[in-house]
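A, B, ... follow the sequence lines: proteins, then strands. Residue 1 opens every chain.
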There are 2 protein chains.
Amino acid sequence: MLTDRQLLIFQVIVDDFIQTAQPVGSRTLSKKEEISFSSATIRNEMADLEELGFIEKTHTSSGRIPSEKGYRYYVDHLLSPQKLNQHDIFKVKSIFAERIYELEKIVQRSAKILSELTNYTSIVLGPAVRDNKLKKIQIVPLNKETAIAIIITDTGHVENRMFHLPENIDAGDLEKVVNILNDRLAGAPIESLNNKLYKEVAVLLRQHINNYDFMLHSIADTIQISAYEKLFFGGKTNMLSQPEFHDIEKVKNLMNMIEQEKGIYDLIRKNKAGINIKIGRENNNSAMENCSLITASYSIGTEQLGTIAILGPTRMEYSRVISLLDYISADLSAVLSKLYQNG
Amino acid sequence: MLTDRQLLIFQVIVDDFIQTAQPVGSRTLSKKEEISFSSATIRNEMADLEELGFIEKTHTSSGRIPSEKGYRYYVDHLLSPQKLNQHDIFKVKSIFAERIYELEKIVQRSAKILSELTNYTSIVLGPAVRDNKLKKIQIVPLNKETAIAIIITDTGHVENRMFHLPENIDAGDLEKVVNILNDRLAGAPIESLNNKLYKEVAVLLRQHINNYDFMLHSIADTIQISAYEKLFFGGKTNMLSQPEFHDIEKVKNLMNMIEQEKGIYDLIRKNKAGINIKIGRENNNSAMENCSLITASYSIGTEQLGTIAILGPTRMEYSRVISLLDYISADLSAVLSKLYQNG
DNA sequence: ATTAGCACTCGTGAACAAAGAGTGCTAACA
DNA sequence: TGTTAGCACTCTTTGTTCACGAGTGCTAAT
């Protein structure tokens, strides 16, 4: 295993590189306060650290930079949680300062603040509507041919979709449909609606309405949209200021992935509760080669709701970002629980 | 004024530069089919064109590139509308191929297709809800303290907002409020709602409901959101492939503006009906120095609804972009009119 | 009026040198 | 035996020079 001195040197290398983005050499290290031995000694230790795979050179006679394995070790063993300062805390609190009740808005604000505090790109996976319970379904006819179906969940999420009305349906029929739907489906988890719709509601509709199956499909369609969680971003352009992204090709790759959303969604979706850290190629995504992704989950009560994440260069201020994510996700969970639990 | 020969030379310069992004010299020009005089002659003419401000050099002995004034002249006098090919038309038609009824979705698809066809960034200013008429207001209580207000317009736009309920309000009261609101406001333009709310509805509410003015403000708030049009983008990263944006600083400026939306909104909002072209500094925006913005409006019947635009480098394929915008905006208007007029 | 010819300018890319930052290794030291 | 000073070596960076090519403007001939 690593000696104490190796650990110290390694830690200083990582900390310095995170700050300067420059390979750090033995001379630079020997001048640091924490370090009291000569550059030659450091060179020997660095050779060992390199052999172990924790650091690498960019060319034969360059200083060293942490390898992905190095970052992984750093994150797993050396990280000391950073205490947030007054200003950070104030900014985080400001997310909830205004009286906002919509879940989505709160989450969106969180993304914005998070990106401002870190200067990285923040990503928030919106509340999963899947587990929400249906509060109410409404259908509002716009004209003879089209109507709009509106679904309201217990957390106040509203989803709507237009659809074609079957011919010859009258207002009374429509009201009947709505009543049946609410009767049978209110309180059921959104996820289960489709199933219930076809199993329980279909029979009832058939008894009361002509042309019932046209309606049925339209309603099923409407319900389905809700299944996907929304992604919110903050500071999409922050990465452009990072020196590792002076290369347009890298920028293009990354931005393309961000714009497509699908890739990001996959990366963020599958994470477990709590803090997760994926470094560089651990993300299994070529556009993320020089990036790390740190995610944290937020919840209402014990029910995991969504994910909040930071995308930055592998040379990221892990300590600060983790502290921030920890703090924000806890705050977010607390506020949301207070607002929505057993409402 | 310009002689025919100067015009010819100028046109060929612009066309060539638009295609290659390289300054074009007299030798290159003399080899073109359209041009039958020697490079020396061309040099003389170019000197004149430069004196007139239509073209410029990048350095003393470079070829020429069109100036902003040059592009302006080109656009105003030399542009021949390009005939769209089969593939383009097919793609445009595909916007409306699926049965979509939501205005916003159609508009969003248009943005996507437009950016794919041009390889530039497309921007669509969504339908102005301001002129929509109110179809229905609904209020759904979520729990004792909060309720959600939902506004539906005659075009099927749905806007919703959560608000705090006053203490001690019961379901009956709420129903009364909703009835009054729909009674008095249905059919009124969204723009006028606020006014009407305070002038006509307030009195009625006072007669029937305790604590009415808390409700009043909440509802007024909800109504207000609808006033801003939404922006949709397509191909945000396309600009990264343009050679003029190999400079990270320029990219950063432009992307920042796009991310903030406010700047774009201002640029697009104030345009007149039909096609508008703003070249480089005509946009009055430092981030747009190397960009041109072409906008077209779309409408339902005679009522202007929104704007559809292309953001590209000043060295843009004006002819093609204009033809496309013209075609799409006409199609869009036609389809929307059919769907929503006198619904 | 047009064009051939020529001198001149500027950007580009290659080749080269000097400086600086860093390394690895060896030998001396405590 | 662990530490360090010293040195040769490597590689990047920066600046300089040079030759080349693309282009121009001007003059003189057609």
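- Classification of A:Asp266 and A:Lys270 as a salt-bridged pair fails, no side-chain N sitting under 4.0 Å from a carboxylate O.
- Close to C:dG11, at under 4.0 Å from its OP1 or OP2, lies no side-chain N or O of B:Ser62.
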Next item on the list: Go along nucleotides 1-8 of chain C 5' to 3' and tag each nucleotide: B for a protein heavy atom under 4.0 Å from its base, S when only backbone or sugar atoms are that close, - otherwise.
Entry: -SBBB---
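- Rounded to whole Å, atom C1' of D:dT4 lies 11 Å from atom CD1 of A:Ile42.
- In the displayed structure, B:Gln86 atom CD is contacted under 6.0 Å by at most 12 heavy atoms of other residues, nucleotides or ligands.
- Rounded to whole Å, atom C1' of D:dG2 lies 14 Å from atom CD of A:Gln6.
- In this structure, B:Arg27 places its CZ atom 18 Å from C1' of D:dG25, rounding to the nearest Å.
- Contact annotation for B:Thr28: backbone-only contact, meaning every heavy-atom pair under 4.0 Å involves sugar-phosphate atoms and none involves a base.
- Look at B:Glu116 and B:Lys91 and you find a salt bridge, because one of the NZ, NE, NH1 or NH2 atoms lies within 4.0 Å of a carboxylate O, short of that distance.
- The CG-C1' distance, from A:Leu29 to D:dT4, rounds to 16 Å in whole Å.
- Counting heavy atoms of neighbouring residues, nucleotides and ligands inside a 6.0 Å radius, atom CD of B:Gln19 does not exceed 12 of them.
- Between B:Ile65 atom CD1 and D:dG23 atom P there is a gap of 14 Å when expressed in whole angstrom units.
- The pair A:Glu289-A:Lys250 does not meet the salt-bridge criterion, since no charged nitrogen lies less than 4.0 angstrom from a carboxylate oxygen.
- Rounded to whole Å, the distance from CD on B:Gln22 to C1' on D:dG23 is 13 Å.
- Side chain B:Ser61 to base C:dT9: a donor-acceptor pair is found below 3.5 Å.
- Put simply, A:Arg64 has a side-chain N or O that comes within less than 4.0 Å of OP1 or OP2 on C:dG24.
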Note to self: Please evaluate residues B:Tyr265 and B:Leu125 with respect to the criterion side chain to side chain contact (heavy atoms under 4.5 Å, CB included), reporting the C-alpha separation (whole Å), side-chain torsions for both, the decisive distance (0.1 Å), and the verdict.
What the structure shows: CA-CA 8 Å; B:Tyr265 187 81; B:Leu125 187 63; 3.7 Å; yes
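- Regarding contacts with the backbone of D:dT12, every side-chain N or O of A:Lys57 stays at 4.0 angstrom or more from both OP1 and OP2.
- Between the CD atom of A:Glu51 and the P atom of C:dT23 there is a distance of 16 Å, rounded to whole Å.
- Between the P atom of C:dG22 and the CD atom of A:Glu50 lies a distance of 15 Å, rounded to the nearest Å.
- Note on A:Lys31: every side-chain N or O is 4.0 Å or more away from OP1 and OP2 of C:dA21.
- Using a 4.0 Å cut-off between a side-chain N of Lys or Arg and a carboxylate O of Asp or Glu, A:Lys236 and A:Glu259 do not qualify as a salt bridge.
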